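Here is the structure we will look at, set down as structure tokens.
Bear in mind the structure is a predicted one, so any value in this text is a computation, not a measurement.
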Amino acid sequence: MLVNTRFSQYNTAKGKKENTYYQFIKQLYNRFLDLVEELCKKFPQYTIVIRPHPGEDFNSYRKYFSGYKNVHVVHEGSIIKWLMAAQVIIHNGCTSGIEAFLLNKPLISFIPFATKELDLPNQLGRKAKSYKEVISILENIFSSQSILTSEEKEQQRRLLSNFYKWDDNSYSYTSILQYCRDLQLPSHVTPKNSKRLSLNRKHRKRKFTLTGEEISDFFSRLDQIEGNSTSYQIVPIAANLYKLSLK
């Protein structure tokens, strides 16, 4: 089973950070630790992979679960491959929950308490408020039982369809470029505070540059892979900033 976390506002890469505004993240972090510990004891024969948010302290999980052989803390490669390989995904508020649902993977949204966050990912899959409910859903999954009826799946798909566009006959980037074509942008952008921008650049760890030729080369490679001939327009807006649209 794959457990995705998103607690970087408390479990930061530099260690725990107490913040009045994110106390609920601290509570979620601790509830997930307890949940995984319960799952380790209940399902010792199953492998549990914790995939932390990239901004989290990975070692905090490794230290906490060092005594459990069936827990592995891993953050490698694209999330898609991990979702496809997992027998079940457990999360709270992760966008990976949306991806898992679209991949038709068994999904558990663990919601031990309500928050004021945008909860679209938590509306998908089977919701559980307690460790006992998570365990019950997992037992159904491991016995090859469906955790959602066809009607529930369709309701959730309709809910999600309000936030994305799906077309079996085209690629996502072409849909995005079609929307970009209708955007009204200025022909040129001049920074309001050039001194501040130049000061910030000195403190950047990495320099970022982007040219129209690099963008053109990227789409040419896509055309080669897909066997297409896409007609698009690249309009410079400012340094490293372009408007892309289909002609």
Whether S136 side chain and K132 backbone form a donor-acceptor pair below 3.5 Å: no
Interatomic spacing from NZ in K127 to CG in L124 - rounded to 0.5 Å: 8.0 Å
Donor-acceptor contact present, side-chain S66 to main-chain K63, <3.5 Å: yes
Shortest non-hydrogen contact from T209 toward N240: CA-OD1, 3.3 Å
Minimum heavy-atom distance N122-G93, with the two atoms named: OD1-N, 2.7 Å
Heavy-atom pair with the smallest gap, counting every atom of L148 and K153: CB-CG, 3.8 Å
Check: R6 and L28 side chains under 4.5 Å, non-hydrogen atoms: yes
Salt bridge (Lys or Arg N to Asp or Glu O under 4.0 Å) partners of K26, counting only residues at least two apart: E18
Donor-acceptor under 3.5 Å (Q123 side chain, Q156 main chain): no
Any residue meeting ring-ring contact (aromatic ring centres under 6.0 Å, His included) with Y10, in chain and number order, not counting sequence neighbours: Y29
Minimum heavy-atom distance S109-P121, with the two atoms named: OG-O, 3.6 Å
Test side chain to side chain contact (heavy atoms under 4.5 Å, CB included) applied to Q9 - qualifying residues, sequence neighbours left out: Y22, I25
Given L2, I141, V134, the one that forms side-chain contact (heavy atoms from CB on, under 4.5 Å) with V88: I141
Rounded distance (nearest 0.5 Å) linking atom CD1 of I48 with atom SG of C40: 4.0 Å
Distance-only donor-acceptor check, side chains E151 and T149, under 3.5 Å: no
Counterpart residues, salt bridge (Lys or Arg N to Asp or Glu O under 4.0 Å), relative to E133 (two or more places apart): none
Cluster overlap I89 with I111, hydrophobic side-chain contacts below 4.5 Å: no
Interatomic spacing from CG in N70 to CE in M1 - rounded to 0.5 Å: 8.0 Å
Which residues share a salt bridge (Lys or Arg N to Asp or Glu O under 4.0 Å) with E139, sequence neighbours left out: K42
Residue K16 excluded, over 12 heavy atoms near NZ under 6.0 Å: yes
Closest contact, heavy atoms only, A128 versus I108: CB-CG2, 4.2 Å
Pairing residues for F142 by the ring-ring contact (aromatic ring centres under 6.0 Å, His included) criterion, not counting sequence neighbours: F43, Y46
S220 side, atom OG; E213 side, atom CD - distance, nearest 0.5 Å: 11.5 Å
With D119 via salt bridge (Lys or Arg N to Asp or Glu O under 4.0 Å) - residues at least two apart: none
Pairwise ring-ring contact (aromatic ring centres under 6.0 Å, His included) hits with a residue in residues 112-137, at least two apart: F110-Y131
Within 6.0 Å of CZ in R158, more than 12 heavy atoms from elsewhere: yes
Taking every non-hydrogen atom, the tightest pair across L107 and A100: CD1-CB, 4.2 Å
Backbone N/O of L244 and side chain of Y232: donor-acceptor pair under 3.5 Å: no
Test side chain to side chain donor-acceptor pair (under 3.5 Å) applied to S96 - qualifying residues, sequence neighbours left out: N4
Check: P106 and I137 side chains under 4.5 Å, non-hydrogen atoms: no
Minimum side-chain heavy-atom gap L222-F219 below 4.5 Å: yes
Partners passing ring-ring contact (aromatic ring centres under 6.0 Å, His included) against F101 (at least two apart in sequence or in another chain): none
Interatomic distance, N104 atom CG to M84 atom CE [nearest 0.5 angstrom]: 11.0 Å
side-chain contact (heavy atoms from CB on, under 4.5 Å) between L35 and V3, intermediate numbers included: CA-CA 10 Å; L35 171 64; V3 179; 6.0 Å; no
Atom pair CG (L160) and CZ (F163), whose distance is rounded to the nearest 0.5 Å: 8.0 Å
ring-ring contact (aromatic ring centres under 6.0 Å, His included) pairs, two or more places apart, involving residues 63-92: F58-H75
Hey, can you pull the donor-acceptor pairs under 3.5 Å for the side chains in residues 50-57, sequence neighbours left out?
unit_1 : atom_1 : unit_2 : atom_2 : d
R51    : NH1    : E76    : O      : 3.2
R51    : NH2    : G77    : O      : 2.9
H53    : ND1    : G55    : N      : 2.8
E56    : OE1    : N11    : ND2    : 3.0
E56    : OE1    : Y61    : OH     : 2.5
E56    : OE2    : T5     : OG1    : 2.5
E56    : OE2    : F7     : N      : 3.2
E56    : OE2    : H53    : N      : 3.1
D57    : OD1    : N59    : N      : 3.1

